[in-house]
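For reference, the structure discussed in these notes is given below.
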Amino acid sequence: MTKIDDILDRLQHEQPVIDAPEELTERIMNSLPERAAKADKARTVRLWWRWAAAACLLALVGVGGALLFPNEEVATQPVALQQENPKVETADTVSKSNTEEKTYIAEAQTAESPKTKRTVPKEEMEQSAAEENTVGAEPQPIPVLDENLHYASLEVEDTVYQAPSRMEEFIAKLADYNKVKAVPLNCSSDKGPDSTIVSTAYVFEDKEELNLFGRLLQAACWYDSKTPGYLLNFSHQQFVFCLEDLHKGEKYLWIAERLSGNYILLFSTHSPKQTVVSSACFQDYREQLTHKGINMLNF
């Protein structure tokens with residue numbers, strides 16, 4: 001045999017013996033109780049050390065308190081035991097005490113009451129009562145009204161009210177700013193001429209910087225849609241807006257219409273609610289503008 005064979009033979013004899021899987025599992029399972037016992041023992045020792053440390057700490061706190069407060073005594077009796085037991089009154093004791101009190105009062109009245117009683121007249125009783133009421137009562141000063149003071153009464157204002165006349169004021173200011181003349185129209189009702197109807201016509205240039213339809217729409221949207229008689233109809237060619245004024249009993253109508261030649265005719269009218277306004281005056285004026293031309297009309 002060569003040296004290599006000797007070395008391999010020696011290494012083969014020196015290899016550790018490996019247990020089978022079943023034997024290894026059995027050996028591990030047998031060693032578990034021993035490990036658990038050791039762990040429980042170590043846990044018990046740690047708990048005992050903790051209890052001992054806590055007991056020592058409590059002893060030190062007690063000794064320190066005794067040294068710091070030697071003259072103070074600690075009340076060992078509970079608070080509940082120090083209080084006196086309340087007396088419970090039963091129905092028998094209450095009735096007995098009431099009877100004794102009534103007997104005592106009756107004896108006192110019989111002992112002090114005179115044999116004869118004096119009848120007090122009714123007039124004397126009323127006079128004494130009046131004197132008792134007036135004694136100690138201070139006379140109340142009579143209020144004097146100062147002429148310089150103004151006594152105001154509480155008046156509830158209607159904050160929801162939006163006057164339709166504000167729309168006419170807006171149109172009048174807009175026309176005055178753009179140098180547009182207001183043309184009064186003589187409109188009549190279904191019953192004939194009526195002086196209560198006030199109608200006015202304006203002719204604006206349809207300029208982009210003016211944007212008349214947009215301004216009228218903004219002014220109409222300022223009013224609440226729940227305003228009496230509210231009606232708004234808007235398109236590219238025509239603007240129609242209606243309102244009613246319940247405070248004045250009037251109704252308002254505004255009509256703006258685009259005409260040929262880059263002009264806009266604005267018609268404004270208001271009249272009593274029960275009056276039916278004829279649209280003939282508005283139509284006649286619009287026809288004059290259409291047929292004769294705007295420059296030929298004297299407005």
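- For the pair H270/E168, a side-chain contact is recorded, criterion being any heavy-atom separation below 4.5 Å from C-beta on.
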Worked check of side chain to side chain contact (heavy atoms under 4.5 Å, CB included) between C242 and L253 = CA-CA 5 Å; C242 300; L253 172 64; 3.4 Å; yes

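- A side-chain donor-acceptor contact under 3.5 Å links Y223 to the backbone of A163.
- Linking ILVMFWY side-chain heavy atoms closer than 4.5 Å, directly or via other members, places F170 and I264 in a single hydrophobic cluster.
- The shortest non-hydrogen separation linking S165 to K248 is OG-NZ, 4.3 Å.
- A distance-only check finds no donor-acceptor pair linking the side chain of R286 to the backbone of L265 [under 3.5 Å].
- Cluster annotation: V183 and F204 are assigned to distinct hydrophobic clusters (Ile/Leu/Val/Met/Phe/Trp/Tyr, side-chain heavy-atom contacts under 4.5 Å, transitive).
- Between R215 and L210, the shortest heavy-atom distance links the atoms NE-O, 2.8 Å.
- With hydrophobic clusters built from ILVMFWY side chains whose heavy atoms lie under 4.5 angstrom apart, W254 shares a cluster with L216.
- When hydrophobic clusters are built by joining Ile, Leu, Val, Met, Phe, Trp and Tyr residues whose side-chain heavy atoms come closer than 4.5 Å, directly or via intermediates, W222 is grouped together with L232.
- The two residues P228 and L246 make their nearest non-hydrogen contact at CG-CD1, 3.4 Å.
- One N or O on the side chain of T269 and one on the backbone of V198 form a donor-acceptor pair closer than 3.5 Å.
- Within a 6.0 Å sphere centred on CG of D224, heavy atoms belonging to other residues, nucleotides or ligands number more than 12.
- Judged by distance alone, the side chain of Y177 and the main-chain N or O of A172 form no donor-acceptor pair under 3.5 Å.
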Take I197 and S189, measure what side chain to side chain contact (heavy atoms under 4.5 Å, CB included) needs, and give me the verdict at the end.
-> CA-CA 8 Å; I197 301 174; S189 65; 4.0 Å; yes

Derivation and outcome, side chain to side chain contact (heavy atoms under 4.5 Å, CB included), residues L212 and L174 | CA-CA 9 Å; L212 181 60; L174 187 64; 3.6 Å; yes

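- Inter-residue side-chain proximity for Y252 and E244 is flagged as unmet; no heavy-atom pair is nearer than 4.5 Å.
- Formation of a donor-acceptor pair under 3.5 Å by the T275 side chain with backbone atoms of V277 is not found in this model.
- Following chains of ILVMFWY side-chain contacts shorter than 4.5 Å, one cannot reach Y202 starting from Y285, and the two form parts of different hydrophobic clusters.
- A distance of 13.0 Å separates CG in L243 from CZ in R166, rounded to the nearest 0.5 Å.
- Contact annotation: the side chain of L266 never approaches that of I255 to less than 4.5 Å [non-hydrogen atoms, C-beta and beyond].
- A distance of 11.5 Å separates OG in S278 from CG in D194, rounded to the nearest 0.5 Å.
- Taking the six-membered ring where tryptophan is involved, the planes of F239 and F213 are tilted, since the angle between them lies from 30° to 60°.
- The closest donor-acceptor contact from the side chain of D245 to the backbone of H247 lies under 3.5 Å.
- L185 approaches C281 most closely through the heavy-atom pair CD1-O, 4.3 Å.
- E209 CD: more than 12 foreign heavy atoms inside a 6.0 Å radius.
- Using cut-offs of 30° and 60° on the angle between ring planes, the pair F267 and F282 is tilted.
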Stepwise side chain to side chain contact (heavy atoms under 4.5 Å, CB included) test for Y263 and D206 | CA-CA 5 Å; Y263 287 98; D206 192 3; 5.9 Å; no

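- Side chain of R258 to backbone of H236: a donor-acceptor contact under 3.5 angstrom is found.
- The shortest side-chain heavy-atom distance between F241 and F234 does not fall under the 4.5 Å cut-off.
- The heavy-atom pair separating K251 from K273 by the smallest distance is NZ-O, 3.6 Å.
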